[in-house]
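The next block holds one structure in the form of structure tokens; read it before the comments.
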Amino acid sequence: MSKWNKKKFIIDLEENCSREVVKITSQIIDFSEKHSKHLTWGRGEEHGTMTFRCTSDMGILPLFHINSGGNINLQINFLRNKEIPKMVLRDMVVKLESNLLREYDPEMYPIDSFEPIEDLFNTKSQVIKFLKTIEAVSYTHLRAHETLR
């Protein structure tokens, strides 16, 4: 059973992070509640976690995790090891790279790790583009899964 929920997560987030990080993270949480049928809250002691998952042909896959310490973990390398359509992963990586101004190729980003939200998102536009990317990937996975039924 999860120890964390949205209310506890936000309280811990507000105690640990700047107002701007709280605002961005709240947007991500609100989006996640609306677009993920498989949203989960963590059981950890130190910080709360929330995981955005979507349905795919390979089952339920996590796209990202956030924690109440103000960090986000993009599951790019995890997804590389799954049999998702290459064009879906390529589209996601290209959009994230152009939006967040980082390289997510296997050499420059060899492992998925938590990164400070304040380092990734400097403008409201970046947050919106990130959420649209996640929505597109989630929708693509979901649609492919539903058409097989």
Inset, instruction - Please report the C-alpha distance between Asn73 and Gln75 in whole Å, then the side-chain angles of each, then the deciding distance to 0.1 Å, and finally whether the side-chain hydrogen bond (donor to acceptor under 3.5 Å, both in side chains) criterion is met. - result: CA-CA 6 Å; Asn73 182 325; Gln75 293 290 283; 2.7 Å; yes

**Request:** Quick one: do Val137 and Asp91 satisfy side-chain contact (heavy atoms from CB on, under 4.5 Å)? Show the steps, please.
**Result:** CA-CA 8 Å; Val137 170; Asp91 185 51; 5.5 Å; no

Is there a donor-acceptor pair under 3.5 Å between the side chain of Thr133 and the backbone N or O of Lys95? no

Exercise for review: Would you check if the side chain of Ser36 reaches a backbone N or O of Ser32 as a donor-acceptor pair within less than 3.5 Å?
Suggested key: no

Practice item. Answer yes or no: is there a side-chain heavy-atom contact under 4.5 Å between Leu120 and Ile72? Key: yes

Extract all donor-acceptor atom pairs below 3.5 Å that involve side chains of residues 125-132 and protein atoms in other chains or at least two apart in sequence.
| unit_1 | atom_1 | unit_2 | atom_2 | d |
| --- | --- | --- | --- | --- |
| Gln126 | OE1 | Asn122 | N | 2.6 |
| Gln126 | OE1 | Thr123 | N | 3.1 |
| Gln126 | NE2 | Asn99 | O | 2.9 |

Next item on the list: Could you check Ile29 against Ile10 for side-chain contact (heavy atoms from CB on, under 4.5 Å), going step by step and ending with a plain yes or no?
Entry: CA-CA 9 Å; Ile29 291 170; Ile10 296 291; 3.7 Å; yes

Q. Is there a donor-acceptor pair under 3.5 Å between the side chain of Asp112 and the backbone N or O of Asn77?
A. yes

Heavy-atom nearest pair, Ser68 first then Cys17, reads O-SG, 3.9 Å

Residue pairs meeting ring pair (Phe, Tyr, Trp, His ring centres under 6.0 Å), one or both in residues 88-113, sequence neighbours left out, come to Tyr104-Tyr109

Taken in chain and number order and not counting sequence neighbours, the residues that satisfy ring pair (Phe, Tyr, Trp, His ring centres under 6.0 Å) with His38 are none

**Prompt:** Distance-only, no hydrogens or angles: does the Asp119 side chain make a donor-acceptor pair with backbone N or O of Glu115 under 3.5 Å?
**Reply:** no

### Task
Decide side-chain contact (heavy atoms from CB on, under 4.5 Å) for Thr40 and Arg53; before the verdict, give the C-alpha distance in whole Å, the side-chain angles of both, and the deciding distance to 0.1 Å.
CA-CA 8 Å; Thr40 58; Arg53 291 178 165 78; 2.5 Å; yes

Ionic contact status for Glu33 with Lys6, cut-off 4.0 Å
yes

Margin query: Just so I know, are the side chains of Leu96 and Leu74 near enough to count as touching, which here means a heavy-atom distance under 4.5 Å?
Written below: yes

Checklist entry - In terms of hydrophobic clusters joined by side-chain contacts under 4.5 Å, are Val94 and Phe64 together? => result no

Contacts of Trp41 meeting ring pair (Phe, Tyr, Trp, His ring centres under 6.0 Å) (sequence neighbours excluded), chain-then-number -> Phe9

Nearest heavy-atom contact between Asp105 and Met108 is OD1-N, 2.7 Å

side-chain contact (heavy atoms from CB on, under 4.5 Å) filter on Thr49, not counting sequence neighbours, yields Asn67

Is any side-chain heavy atom of Cys54 closer than 4.5 Å to a side-chain heavy atom of Leu63?
yes

Should the pair Asp12-Lys8 be classified as a salt bridge under the 4.0 Å nitrogen-to-oxygen rule?
no

Taking Val88 as the starting point, is it possible to reach Met58 by hopping between hydrophobic residues whose side chains are less than 4.5 Å apart?
yes

Problem - Lys/Arg N to Asp/Glu carboxylate O, Arg19 vs Glu14, below 4.0 Å - result: no

Any side-chain heavy-atom pair from Pro62 and Phe78 closer than 4.5 angstrom? yes

Value for CD (Glu46) from CG (Asn16), rounded to nearest 0.5 Å, stands at 9.0 Å

dist Lys3:NZ -> Arg43:CZ (nearest 0.5 Å) comes out at 12.0 Å

Value for NE2 (His65) from CZ (Phe52), rounded to nearest 0.5 Å, stands at 12.5 Å

Sequence neighbours excluded, the answer for side-chain hydrogen bond (donor to acceptor under 3.5 Å, both in side chains) partners of Glu118 is none

dist Thr55:OG1 -> Ile60:CD1 (nearest 0.5 Å) comes out at 5.5 Å

Rounded to the nearest 0.5 Å, the OG1 atom of Thr51 sits from the CG atom of Leu61 at a distance of 12.5 Å

Worksheet item: Quick one: does Lys124's side chain get under 4.5 Å of Ile24's, heavy atoms only?
Response: no

Query raised in the report: Is Phe114 reachable from Phe121 through a run of hydrophobic residues whose side-chain heavy atoms are each under 4.5 Å from the next?
Result: no

pair Leu89-Lys86: side-chain heavy atoms closer than 4.5 Å:
no

